[in-house]
Amino acid sequence: MTLRVYNTLSKEKEDFQTVKPGQVSIYLCGPTVYKPAHIGHMVGPVIFDAVKRYLTYIGYDVTFVVNITDVDDKLINRAVENKMEVSALAKEMTKDYFDNLDLMGVDTIDHFPYATEHIQEMLDIISKLIDKGFAYPLNGDVYFDVNKDEGYGKLSRRNLDDMLAGSRVEANDSKRHPADFALWKSSKEGEPSWESPWGPGRPGWHIECSAMSIKILGESIDIHGGGLDLMFPHHENELAQSECCTGKPFARYWMHNGLMQAGKSSGKIGGKHSKEGDIEETDDVGMDQASQEANKLAGSKGAASVKELFKIFHPETIRFFLLSTHYRSPIEFNDELIKEKEKNLQGFYRLFESFERITGQDFYSLTPVTLREKAVKLSGGPDNFINELNHARDRFLQSMDDDFNTGGAIGVLFEIRSQINSYIGQGKLDSGTQANDSEIQVLVSSMTLLKELSSLVGVFQKPIETSGSGDDELTGQLMELIIQIRAHARSSKNFEIADQIRDGLNNVNVTLEDRPDGTIWRKD
RNA sequence: GGCGCCGUGGCCAAGUGGUCUAAGGCAGCGGAUUGCAAAUCCGCCAUCGCGGGUUCGAAUCCCGCCGGCGCCUCCA
């Protein structure tokens with residue numbers, strides 16, 4: 001099996017070959033920390049977290065870097081609005097970002113470099129670019145000279161003439177070419193500022209990624225990731241300045257994830273509200289309404305902070321949702337779709353409970369292999385069951401090998417779930433009778449397989465904490481009492497009372513399950 | 001105007017030349033189980049936007065059309 005990865009640079013799936021054998025370096029463009037993270041900010045980290053998990057599993061030593069951009073126009077503006085120091089705002093928002101990553105189970109990132117801690121590295125690159133003739137200072141700013149770079153535009157496939165024709169690039173007489181972008185910007189009063197050979201200023205937008213990527217991962221890295229929206233101009237410019245500086249290929253594979261979308265005719269979440277600059281006036285009122293509708297959606301759901309979102313949905317549900325579709329496709333964000341994932345997860349959680357009832361073992365304590373080469377084929381149970389599971393593992397890995405197809409892989413997880421449930425059902429293992437040793441053995445190994453594969457997409461790794469802790473003890477005691485009373489009613493065939501109790505509980509979102517070995521309850 | 005993406009069952013979604021009369025999920029329907037439920041299991045439920053073409057063979061490649069979307073604006 002060979003891993004294939006879609007490369008934006010070639011627009012093809014390519015066999016995965018690393019710069020250094022056995023090692024993979026990943027740089028993912030991180031957030032500008034100026035406001036609380038929304039769901040869209042989680043997409044990249046979750047996807048590349050899964051990418052790293054898989055690469056690690058198939059034997060690579062992976063270094064994963066996500067930058068924190070803590071100096072930028074948006075940040076400065078918001079700090080002024082909130083009457084805060086830029087650094088204080090950045091610090092607060094960085095914490096918010098980290099908290100959210102943590103909740104989402106993104107724990108594979110090795111370095112979070114800060115832009116403001118790499119100013120010197122940026123200045124070095126800028127100087128080098130000027131020396132090599134790829135950049136020029138202009139009134140305290142420094143611009144990259146796009147005309148000097150033959151390869152400019154190769155990532156996003158556009159040429160400079162077309163860009164001019166597009167005419168959205170505003171003419172700026174002093175720049176040599178309208179598309180020349182700032183490497184260094186002179187700073188105004190009150191703005192964060194660093195000394196430089198061209199006067200006090202601050203970095204341009206793209207330079208920090210080049211500087212930190214090169215510093216931490218080297219001049220040529222394996223994977224550079226980010227949202228599709230960053231392809232141009234950010235990645236194009238990053239690529240240009242880096243390669244002109246080092247003379248080496250900057251990144252082997254460019255991976256771009258699709259964007260989260262709020263609703264049908266809307267743009268992306270938290271994005272623009274209107275195209276004020278657009279001169280097209282063909283829009284009628286209907287269109288306006290549609291876009292308002294979409295923005296409302298964005299405003300109430302998607303653009304809401306991740307923290308708000310987590311009040312409604314468990315982070316694992318969101319993670320599962322994000323990975324259920326292919327990373328390059330756009331995902332529509334809406335409640336119904338996420339609720340469906342919630343149900344999906346419930347099914348797995350019930351299996352875990354069932355597993356514990358039968359074997360007395362905790363699913364979350366199972367310890368699967370962490371390397372593909374150490375994976376062993378299952379054996380010992382009914383042939384067709386064991387064969388199905390072994391085949392399922394192969395198909396899961398094949399999906400992941402095909403450009404990290406987490407959607408296909410997760411589909412296989414469902415099949416494994418059904419297989420195991422079916423095995424349990426056929427042997428009536430979860431009906432109060434004692435399973436024998438070999439059945440338990442088979443169950444443990446098949447559940448361990450499920451844990452092994454789900455660890456690659458980073459779900460089901462630790463128990464989800466049950467919400468509401470304060471009233472738990474009392475609730476538990478009350479439920480025990482209610483169930484006892486109902487059991488009496490049932491045993492004396494007083495089903496009217498029994499059903500009344502069950503229906504009543506249903507109304508307060510408590511579901512009762514009468515199993516052969518007793519009644520259990522859960523909050524929905 | 002330029003660059004690019006997408007269109008698979010009621011909905012979500014994998015599959016991108018033969019194993020596809022198309023995985024999986026949600027919803028629905030029928031059955032097993034149950035006092036009835038719940039949970040679980042079994043079964044049913046699509047020819048792949050439209051029209052041409054290439055090929056022994058296409059959801060998968062090419063052309064055209066229709067429909068949706070993104071970027072070209074420091075939005076991840």
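Below, chain A is the first sequence line, B the second, and so on; all start at residue 1. Scope of the values below: all heavy atoms of this structure, side chains included, with no hydrogens, waters or symmetry mates.
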Practice task
Would you classify G425(A) as touching base, sugar-phosphate or nothing, given that sugar-phosphate means primed atoms plus P, OP1 and OP2, and contacts are heavy atoms under 4.0 Å?
Solution key: nothing
Practice task
Scan S399(A) against the nucleic acid and name what it touches under 4.0 Å (heavy atoms): base, sugar-phosphate only, or nothing.
Solution key: nothing
Practice task
Whole angstrom is fine here: how far is it from CZ in F385(A) over to P in C41(B)?
Solution key: 12 Å
Fill in the blank from the handout: Of the candidates A76(B), C3(B), C42(B), the side chain of R157(A) sits closest to C3(B)
Exercise for the section: Mind checking N405(A) for me? I need base, sugar-phosphate or nothing, with any heavy atom below 4.0 Å counting as a touch. Expected result: sugar-phosphate
Problem - Sugar-phosphate, base or nothing in reach of H326(A), heavy atoms under 4.0 Å - result: sugar-phosphate
Practice task
Grab the CH2-P distance between W254(A) and G4(B) for me, whole Å please.
Solution key: 18 Å
Problem - Stems where RNA chain B pairs, listed by first number, each of three or more Watson-Crick or G-U pairs under 3.5 Å - result: B:1-7 with B:66-72, B:10-12 with B:24-26, B:28-32 with B:40-44, B:49-53 with B:61-65
Problem - Rounded P spacing from G28(B) to C61(B) in Å - result: 36 Å
Problem - C1' atoms of C50(B) and A13(B), separation to the nearest Å - result: 23 Å
Practice task
Taking only the side-chain nitrogens and oxygens of N421(A), find out if one of them lies under 4.0 Å from OP1 or OP2 of C41(B).
Solution key: yes
Practice task
For nucleotides U55(B) and G17(B), find the distance between their C1' atoms and express it as a whole number of Å.
Solution key: 9 Å
Problem - Rounded C1' spacing from C71(B) to A59(B) in Å - result: 28 Å
Practice task
Report yes if at least one side-chain N or O of T325(A) is closer than 4.0 Å to OP1 or OP2 of A14(B); otherwise report no.
Solution key: yes
Exercise for the section: Mark yes or no for whether T32(A), through its side chain, and Y34(A), through its backbone, hold a donor-acceptor pair below 3.5 Å. Expected result: no
Practice task
Answer yes or no: is there a donor N or O on one side and an acceptor on the other, between the side chain of E236(A) and the main chain of G153(A), under 3.5 Å?
Solution key: yes
Practice task
Would you kindly give the CD-to-P distance between E415(A) and A22(B), to the nearest whole Å?
Solution key: 14 Å
Handout entry: Pair F352(A) + F460(A): ring centers closer than 6.0 Å
Key = yes
Practice task
Please check if the side chain of N509(A) supplies one atom and the backbone of K523(A) the other of a donor-acceptor pair under 3.5 Å.
Solution key: no
Exercise for the section: Would you check if there is a donor-acceptor pair between the side chains of N147(A) and Y152(A) at a distance under 3.5 Å? Expected result: no
Problem - Test of ring centre spacing under 6.0 Å for Y6(A) and Y253(A) - result: no
Practice task
Could you walk me through whether F112(A) and F98(A) pass ring-ring contact (aromatic ring centres under 6.0 Å, His included), step by step?
Solution key: CA-CA 10 Å; F112(A) 287 103; F98(A) 287 164; 4.6 Å; yes
Handout entry: Whole-Å distance separating the CD atom of Q419(A) from the P atom of G24(B)
Key = 11 Å
Practice task
For G30(B) versus G68(B), give the span between their C1' atoms, rounded off to a whole number of Å.
Solution key: 37 Å
Handout entry: Short side-chain donor-acceptor distance under 3.5 Å, E238(A) and H235(A)
Key = yes
Handout entry: Phosphate OP1/OP2 of C5(B): any K11(A) side-chain N/O under 4.0 Å
Key = yes
Exercise for the section: Please determine, by modelled atom types, if T2(A) and D15(A) share a side-chain donor-acceptor pair under 3.5 angstrom. Expected result: no
Handout entry: Distance-only donor-acceptor check, side chains E316(A) and Y349(A), under 3.5 Å
Key = yes
Problem - Rounded P spacing from G25(B) to A14(B) in Å - result: 15 Å
Exercise for the section: Considering only atom C1', compute the distance from C56(B) to C41(B) and round it to an integer number of Å. Expected result: 43 Å
Fill in the blank from the handout: From CZ of R393(A) across to C1' of G24(B) the rounded distance in Å is 20 Å
Exercise for the section: Send over the distance from K13(A) NZ to A14(B) P, rounded to a whole Å. Expected result: 11 Å
Practice task
Could you list the residues that satisfy salt bridge (Lys or Arg N to Asp or Glu O under 4.0 Å) with D180(A), not counting sequence neighbours?
Solution key: none
Practice task
Using the C1' atom as the reference point in each nucleotide, state the distance between C20(B) and C5(B) in Å, no decimals.
Solution key: 25 Å
Handout entry: Sequence-aligned protein contact record of nucleotides 26-38 of chain B, with B where the base is within under 4.0 Å of a protein heavy atom and S where only the sugar-phosphate is
Key = SS-------BBBB
Exercise for the section: Send over the distance from D229(A) CG to C72(B) C1', rounded to a whole Å. Expected result: 13 Å
Exercise for the section: In whole angstrom, give the distance that lies between atom CG of L228(A) and atom C1' of U73(B). Expected result: 16 Å
Exercise for the section: Report the residue (M231(A) or G30(A)) whose heavy-atom-nearest nucleotide on RNA chain B is the more 5′ of the two. Expected result: M231(A)
Completion exercise
Of I410(A) and A182(A), the one whose closest nucleotide on RNA chain B sits nearer the 5' end is I410(A)
